[in-house]
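Beneath this line is the structure, given in structure tokens, with notes to follow.
Numbering starts at 1 and runs along the sequence shown. Small disclaimer: the values here were computed from a predicted structure and weren't measured.
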Amino acid sequence: MLYGVGYCSDRSKGYSDTKDKCFRTWRNMLKRCYSHEEKYESYRELGTKVDSGWLDFVNFRSWFSENYYTVGEEQMDLDKDILFHGNQEYSSEKCIFVPKRINALFVKAKNRRGKYPIGVHRERNGLYVGSCSVNGENVKKEFSTERDAFLFYKKTKENAIKEIADLYKEKIPQKLYEALQTYEVLETD
């Protein structure tokens, strides 16, 4: 058993080849949810889990072979919460592969931001700053209210997501493109 939950129902297929992209993806998904490593604590705190069908490597491999695609030489990531905002379950219905550049747009870093909404921090002068990384550049603006700073971040982030979606439109599945075009940033993200 892998991380106390993962198994392979067909022993002839095996699942210990660490060079196999499908196996590494499956192992890393299980690790995020069931490992006791400190760096995965946020997954455990949120109750992130793997659908019972995907605990069997045979089932995951079948889904993987039908859904994995590439975009040039980019790293592809298994994502659980772009199609279904806030989703905490890895499953065949809710997951999709996304280029790393797209997936990086959704890093939340909750532990680092403190008590303010996503994209907001307070300066020593008492003003609130809405800031967002767009194409490697930090775009920021000061506001007198926390709400205005968040709305600036929200608009900037959503526009950046749509721009990236348009760049990838012909390279990614239609359902991913549509999810990116309609993605709404929430204060609690």
Quiz item: Roughly how far, to the nearest 0.5 Å, is OG1 of T48 from CG of D81?
Solution: 8.5 Å

Practice problem: Find the distance between NZ (K157) and OG (S131) and round it off to the nearest 0.5 Å. | Solution: 10.0 Å

Quiz item: Are K154 and E184 close enough for a salt bridge, meaning some N to O gap below 4.0 Å?
Solution: yes

Practice problem: Go through the steps for D166 and Q181 under the test side-chain hydrogen bond (donor to acceptor under 3.5 Å, both in side chains), then give the verdict. | Solution: CA-CA 8 Å; D166 285 338; Q181 286 295 324; 3.1 Å; yes

Practice problem: Rounded to the nearest 0.5 Å, what's the gap from CG on L127 to CG on D148? Could you check? | Solution: 11.5 Å

Quiz item: Does some side-chain heavy atom of F152 sit less than 4.5 Å from a side-chain heavy atom of V120?
Solution: no

Quiz prompt | Closest heavy-atom pair and its distance - H121, Y116 | solution = CA-CD1, 4.2 Å

Quiz item: Which heavy atom of Y153 sits nearest a heavy atom of C132, and at what distance?
Solution: CD1-CB, 3.7 Å

Quiz item: Considering residues, nucleotides and ligands other than E38, do more than 12 of their heavy atoms fall under 6.0 Å from its CD?
Solution: no

Quiz item: How far apart are the C-alpha atoms of L167 and R101, what are their side-chain angles, what is the distance that settles it, and do they pass the side-chain contact (heavy atoms from CB on, under 4.5 Å) test?
Solution: CA-CA 11 Å; L167 288 174; R101 182 176 180 194; 4.0 Å; yes

Practice problem: Using a cut-off of 6.0 Å, state whether more than 12 heavy atoms not belonging to K162 lie near its atom NZ. | Solution: yes

Quiz item: If you take all heavy atoms of Y183 and E158, which pair is closest and at what distance?
Solution: O-CG, 3.7 Å

Exercise. Measure across I161 and L180 and return the closest heavy-atom pair with its distance rounded to 0.1 Å.
Key: CG2-O, 3.4 Å

Exercise. Indicate yes or no: does K94 engage E89 in a salt bridge with an N to O separation below 4.0 Å.
Key: yes

Self-check item: E137 CD: over 12 foreign heavy atoms closer than 6.0 Å
Solution: no

Practice problem: State the NZ-CG distance between K171 and L176, to the nearest 0.5 angstrom. | Solution: 13.0 Å

Quiz item: Can any side-chain N or O of S65 pair as donor or acceptor with the backbone N or O of S62 at less than 3.5 Å?
Solution: yes

Quiz item: Passes salt bridge (charged side-chain N to carboxylate O under 4.0 Å, His left out), R147 versus E187? Steps please.
Solution: CA-CA 9 Å; R147 179 84 178 138; E187 273 187 64; 2.7 Å; yes

Quiz item: Quick check, are the ring centers of Y128 and F143 under 6.0 angstrom apart?
Solution: no

Quiz item: Step by step, would you call E74 with Y168 a side-chain hydrogen bond (donor to acceptor under 3.5 Å, both in side chains)?
Solution: CA-CA 12 Å; E74 291 189 57; Y168 281 84; 2.8 Å; yes

Quiz item: Can you name the closest pair of heavy atoms from N67 and F97 and give their distance?
Solution: O-CD1, 3.7 Å

Exercise. Rounded to the nearest 0.5 Å, what's the gap from CD1 on I164 to NZ on K169? Could you check?
Key: 15.5 Å

Quiz item: Please walk me through it: do L30 and L55 pass side-chain contact (heavy atoms from CB on, under 4.5 Å)?
Solution: CA-CA 8 Å; L30 293 175; L55 296 177; 3.9 Å; yes

Quiz item: Would Y34 and R44 satisfy side-chain hydrogen bond (donor to acceptor under 3.5 Å, both in side chains), going step by step from the backbone distance to the final call?
Solution: CA-CA 7 Å; Y34 303 109; R44 291 189 304 278; over 6 Å; no

Quiz item: Is a donor on one side and an acceptor on the other found under 3.5 Å between the side chain of D189 and the backbone of L186?
Solution: yes

Practice problem: Quick one: closest heavy-atom pair of C95 and W63, and the distance? | Solution: O-CZ2, 3.5 Å

Practice problem: For L151 and K155, run side-chain contact (heavy atoms from CB on, under 4.5 Å): C-alpha distance rounded to whole Å, both residues' side-chain angles, the deciding distance at 0.1 Å, then the answer. | Solution: CA-CA 6 Å; L151 292 175; K155 181 179 179 182; over 6 Å; no

Exercise. Using a 4.5 Å cut-off on heavy atoms from C-beta on, say whether the side chain of M76 contacts that of P99.
Key: yes

Self-check item: Electrostatic pair R61:D56 at N-O distance under 4.0 angstrom
Solution: no

Practice problem: Can you measure from CG (L83) to CD1 (I96) and round to the nearest 0.5 angstrom? | Solution: 4.5 Å

Exercise. Answer with yes or no whether the hydrophobic clustering places I118 together with F106; edges join I, L, V, M, F, W, Y residues whose side-chain heavy atoms lie under 4.5 Å apart.
Key: yes

Quiz item: Does atom NZ of K31 have more than 12 heavy-atom neighbours from other groups under 6.0 Å away?
Solution: yes

Quiz prompt | Reference residue I82; test side-chain contact (heavy atoms from CB on, under 4.5 Å); the match among V98, N87, L105 | solution = V98

Practice problem: Take V185 and F150 through the test side-chain contact (heavy atoms from CB on, under 4.5 Å) and record every step on the way to the result. | Solution: CA-CA 10 Å; V185 174; F150 168 72; 4.1 Å; yes

Quiz item: Centroid-to-centroid, W54 to F64, below 6.0 Å?
Solution: no

Practice problem: Specify whether W26 and F57 have parallel, tilted or perpendicular ring planes, treating 30° as the upper limit for parallel and 60° as the lower limit for perpendicular. | Solution: tilted

Quiz item: Heavy-atom count around E123 CD within 6.0 Å, excluding the residue itself: above 12?
Solution: yes

